[in-house]
Amino acid sequence: MQLVTDKYNRQFKTLRVSLLSRCNLSCAYCTMGEDNAKNNNNQPLSSANDLLDTIQKLHSVLNLQTIRLTGGEPLLYPHLIEVIKGIADMGIPEIKLTTNGLLLERMAKQMKDAGMQSINISLDAVDEDVFFLISKRNHLQKILDGIDAALAVGLNVKINSVIMKGLNDSQVLPLLQYAFERNITIRFLEVMAMGHLHYDPLKYLFTQEEILSAARTKYHFEKVIRKDSATSNYWQTEDGHVFGIIANESEPFCHDCNRLRLDSDGNIYGCLSSNHPISLKNINDESVLIDKLQEAMLQKQAVKFIGSELSMLHIGG
């Protein structure tokens, strides 16, 4: 197998796969309030065979260790279980998924049985009014029930919470309490300069230090040594509970990022900060595929995430 590295001699073992550009929530950091479920119903979806074929080709030259399925909302993808089984059959060690949890209660067992191991669930508030302010939906309890269902079938669960100043920054302590009571690791995210927030990201930025300050009003904790290529900084409380912060603005982690992204149209991206998709369609020559990967890797940032006009809805979280 040819070793594929970028100009910083980094290898890429994690592939994030966006299955579709449709979602059943309308979160403030992702959209401007449009109804994504209605506006994208006619979006053509990649077939499971085409998607698995592309993943297999990438695996053959990258020796992937982790696949993370994203969206949009990946649980809306009609061939999800088939894709999970197909990835498991490739022998890729870790299969993960990021979801808003809205459909999770009825799908958790199917996903686990197909080979899914770990899921990240987006939960930005545990107060119903604040949840509606962020998501424009009244489905908080369905998501909480989905979390319980995922835990019940043995999935490894993490919670992701995007904290936006003036919208849900009141939820840091309630979210911590919710996660700790269930022994779930929670990660807070600084808002990213993506899509409609690209030109005014600081308007809603609630920084890592502000999150820590809120947490300190109730908990005592110590920082955990960061693992290579980790997106999160982690802290552990005196009681052994763990929480993280993905501080893409305050403490960027671009220097050792090992991720590539594949969108639902068959395009590869080296970085969220790139607006330049590189098509992998109809490539059957390994040398051409490697050239395309090297092109994508040139998009990698060495120091700091700069954001993009590209919406997270289309490239995945």
Side-chain angles (χ1 to χ4, degrees), residues 8-14 16 29 65-66 68 94 96 98 117-126 130 134 147 151 155-194 201-202 204-259 271-273 300-307 312 317:
Y8 305 108
N9 204 35
R10 294 179 292 191
Q11 297 181 45
F12 296 87
K13 301 298 184 183
T14 298
R16 303 176 73 98
Y29 46 84
Q65 299 299 300
T66 302
R68 178 173 294 281
E94 296 184 338
K96 304 180 179 181
T98 297
Q117 300 157 338
S118 177
I119 58 173
N120 291 353
I121 301 169
S122 298
L123 180 67
D124 302 316
V126 288
V130 180
I134 287 286
I147 293 173
L151 293 170
L155 286 166
N156 179 24
V157 173
K158 289 183 181 177
I159 290 173
N160 287 345
S161 303
V162 178
I163 303 299
M164 301 182 73
K165 185 184 291 289
L167 293 182
N168 67 332
D169 48 328
S170 65
Q171 293 295 288
V172 172
L173 287 179
L175 283 163
L176 282 171
Q177 180 176 339
Y178 173 85
F180 290 171
E181 286 175 350
R182 290 158 182 78
N183 292 315
I184 299 173
T185 297
I186 183 170
R187 302 185 305 174
F188 298 104
L189 286 73
E190 291 183 346
V191 69
M192 302 176 78
M194 296 294 295
L202 299 183
Y204 294 108
L205 179 63
F206 198 70
T207 66
Q208 174 172 266
E209 186 50 46
E210 288 174 303
I211 293 168
L212 291 173
S213 293
R216 286 191 192 102
T217 63
K218 184 172 181 179
Y219 301 100
H220 294 90
F221 44 81
E222 297 291 336
K223 193 169 186 178
V224 178
I225 295 174
R226 178 183 178 271
K227 295 180 180 179
D228 291 344
S229 301
T231 57
S232 301
N233 299 313
Y234 282 102
W235 288 261
Q236 186 171 36
T237 71
E238 292 177 328
D239 295 329
H241 298 297
V242 175
F243 70 95
I245 300 175
I246 300 178
N248 58 281
E249 182 66 31
S250 300
E251 197 171 334
F253 43 86
C254 298
H255 64 283
D256 63 353
C257 173
N258 68 348
R259 296 158 191 83
C271 179
L272 281 175
S273 292
K300 302 298 290 187
Q301 307 296 308
V303 180
K304 188 176 183 337
F305 175 81
I306 58 174
M312 295 294 285

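This structure is a prediction, so every number in the text was calculated from the model and none was measured. All residue numbers refer to positions in the sequence shown, counting from 1. In what follows, every heavy atom counts, from backbone to side chain, and hydrogens, waters and symmetry copies are set aside.
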side-chain contact (heavy atoms from CB on, under 4.5 Å) between Y219 and D239, worked out: CA-CA 9 Å; Y219 301 100; D239 295 329; 5.8 Å; no
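Proximity of a side-chain donor or acceptor of Q171 to a complementary backbone N or O of D124 within less than 3.5 Å is not detected. When atom types are taken as modelled, the side chain of N233 and the backbone of R226 share no donor-acceptor pair closer than 3.5 angstrom. Between the side chain of S161 and the backbone N or O of L123, at least one donor-acceptor pair lies under 3.5 Å. A donor-acceptor pair is defined here as one N or O able to donate and one able to accept, closer than 3.5 Å; no such pair exists between the side chain of S232 and the backbone of Y234.
Taking the side chain as every heavy atom from C-beta outward, L167 and Y29 never approach each other to under 4.5 Å. T207 has its side chain within reach of E190: a pair of non-hydrogen atoms, C-beta onward, lies under 4.5 Å apart. In this structure, the side chains of F206 and V191 stay at 4.5 Å or more apart for every pair of heavy atoms. By the 4.5 Å heavy-atom criterion applied to side chains, E94 and Q65 are not counted as neighbours. Contact of the V224 side chain with the V242 side chain is not registered, since no non-hydrogen atoms from C-beta on lie closer than 4.5 Å. With a 4.5 Å cut-off on side-chain heavy atoms, I184 and L151 count as touching.
Among all heavy-atom pairs drawn from E210 and L205, the shortest one is OE1-O, 3.9 Å.
Side-chain polar atoms of T98 and R68 form a donor-acceptor pair below 3.5 angstrom.
Counting heavy-atom neighbours within 6.0 Å of E181 CD, excluding the residue itself, gives a total above 12.
Below 30°, between 30° and 60°, or above 60°: for F243 and W235 the angle between ring planes is below 30°, a parallel geometry.
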